[in-house]
J.: 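One structure is given below, represented as structure tokens, and several questions about it will come after.
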There are 2 protein chains.
Amino acid sequence: MEKEKFIEIQPVKDAFDIIGGKWKFPVIYSLCSGKKRFKELEKDLNGVTPKALTTVLKDLEMNGLVKREVFPTVPLTVEYSLTDYGKDLKPVLLSLQEWGKKHRKRIMEK
Amino acid sequence: MEKEKFIEIQPVKDAFDIIGGKWKFPVIYSLCSGKKRFKELEKDLNGVTPKALTTVLKDLEMNGLVKREVFPTVPLTVEYSLTDYGKDLKPVLLSLQEWGKKHRKRIMEK
DNA sequence: CGGTATCCATTTTGATACTG
DNA sequence: CAGTATCAAAATGGATACCG
């Protein structure tokens, strides 16, 4: 490209493709506090349907952010956890949080 | 127990409501390099339709991230720019970029 | 328990065409 | 130039119900 840029848009778009969407961050957030089973996640993410949860978990697993472990107990036990790679998203969560707080404060003042 | 940064999910969701979506970041990114007119943005954001651009600009303006200035020339001149508040998103862009780069690198290695 | 399958409503997007 | 209007298409969301 002709112009030198501090921020490149493509990596931002890439990141957005992976963590964008309604339930991605809530799932990641929930998994930040440790391993979770399907029903635990379903309870944590108020309002999510099993279909949506399945979709988002598969998506995150496919992208290497989440690990899925199956234990052949009766009944079945499945545990989801963040991979180290997924944990790398924490700075993103923090910067989003910071801006979100600022934004809320700003709205309140109006 | 070690002290660790506590992340609240609500501010993250709030932030996502405002900057989530297909064209928000590309617009913000484009405006990072200065004032832009409608057609310039349309050209910068490869593939955006005027309808989508109008929607996202109105949205960003409503949330105080973007300023819209109209000059009553003939033909009409309209300039869009980031407000200081919108510029506060730069750290978010940076952290997303950083993660996105890491992700791309990771994909390439596979 | 940990999901799928199904069906449908709602939203988001897309392609043009057109106006002040 | 800077958008609107319109209509169609596609992706997403939600409510059950059901299966291994």
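We name chains A, B, ... by the order of the sequence lines, and we start the count at 1 in each one.
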J.: Quick check on salt bridge (Lys or Arg N to Asp or Glu O under 4.0 Å): which of B/K24, B/K22, B/R68 does B/D59 satisfy it with?
T.: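 Per the salt bridge (Lys or Arg N to Asp or Glu O under 4.0 Å) rule, the option paired with B/D59 is B/K24, out of B/K24, B/K22, B/R68.
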J.: Would you confirm whether B/E42, through its side chain, and B/K39, through its main-chain N or O, come within 3.5 Å as a donor-acceptor pair?
T.: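 Side chain of B/E42 to backbone of B/K39: no pair is present.
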J.: Under the side chain to side chain donor-acceptor pair (under 3.5 Å) rule, what pairs show up with a residue in residues 98-109 of chain A, not counting sequence neighbours?
T.: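 Applying side chain to side chain donor-acceptor pair (under 3.5 Å) to every pair that reaches into residues 98-109 of chain A, excluding sequence neighbours, yields A/K101-B/E8, A/H103-B/Y85, A/R104-B/D14.
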J.: How about NZ on B/K35, more than 12 heavy atoms from neighbouring residues, nucleotides or ligands closer than 6.0 Å, or not?
T.: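 Yes.
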J.: On DNA chain C, reading 5' to 3', which nucleotide is the first and which the last to sit with an atom under 4.0 Å from a heavy atom of chain A, could you check?
T.: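 The protein-touched segment is C/dC1 to C/dC7.
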J.: Nearest-nucleotide wise, let me know which of A/L76 and A/P50 is further upstream toward the 5' end of DNA chain C.
T.: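 Whichever sits nearer the 5' end wins; that is A/L76.
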J.: Can you measure B/R37 atom CZ to D/dG3 atom P for me and round it to whole angstrom units?
T.: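 Taking CZ of B/R37 and P of D/dG3, I get 10 Å after rounding.
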J.: Is B/K58 close enough to D/dA2 that one of its side-chain N or O atoms is under 4.0 Å from OP1 or OP2 there?
T.: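 So the side-chain polar atoms of B/K58 never come under 4.0 Å of the phosphate oxygens OP1 or OP2 of D/dA2.
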J.: Rounded off to whole Å, could you give me the NZ-to-P distance for the B/K43 and D/dG3 pair?
T.: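 Distance, rounded to whole Å: 18 Å.
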J.: In whole angstroms, how far is the C1' atom of D/dG20 from the CZ atom of A/F38?
T.: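 Distance, rounded to whole Å: 15 Å.
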J.: For the pair made of NZ in B/K39 and P in D/dT4, what is the distance, rounded to whole Å?
T.: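 Distance check: B/K39 NZ to D/dT4 P gives 13 Å.
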J.: Provide the full list of ring pair (Phe, Tyr, Trp, His ring centres under 6.0 Å) pairs with a residue in residues 19-72 of chain A, sequence neighbours left out, each pair given once.
T.: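 Only A/F25-B/F16 qualify under ring pair (Phe, Tyr, Trp, His ring centres under 6.0 Å).
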J.: Got a second to check how far A/L96's CG is from A/I19's CD1, nearest 0.5 Å?
T.: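 It comes to 7.0 Å.
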J.: Taking CG from B/L53 and P from D/dA2, how many angstroms apart are they, rounded to a whole number?
T.: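 Interatomic distance, CG of B/L53 to P of D/dA2: 10 Å.
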J.: Whole angstroms only, please: what is the CG-P distance between B/D44 and D/dA2?
T.: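 Going from B/D44 (CG) to D/dA2 (P), I get 13 Å.
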J.: Under 4.0 Å between a side-chain N/O of B/Y80 and OP1 or OP2 of D/dG3, yes or no?
T.: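 True: B/Y80 side-chain N/O within range (under 4.0 Å) of D/dG3 OP1/OP2.
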J.: Using a cut-off of 4.0 Å on non-hydrogen atoms, how would the nucleic acid contact of A/K51 be classed: base, sugar-phosphate, or nothing?
T.: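 Here A/K51 touches the bases of the nucleic acid.
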J.: In whole angstrom, what separates B/E42's CD from D/dT4's C1'?
T.: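 In whole Å, D/dT4 C1' lies 13 Å from B/E42 CD.
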J.: Would B/K36 and B/S30 count as a side-chain hydrogen bond (donor to acceptor under 3.5 Å, both in side chains) here? Give the steps.
T.: CA-CA 8 Å; B/K36 294 280 168 66; B/S30 174; 3.2 Å; yes
J.: For A/G21 and B/E79, find the nucleotide of DNA chain D closest to each by heavy atoms; which residue's nucleotide sits nearer the 5' end?
T.: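 Comparing both residues, the 5'-ward one is B/E79.
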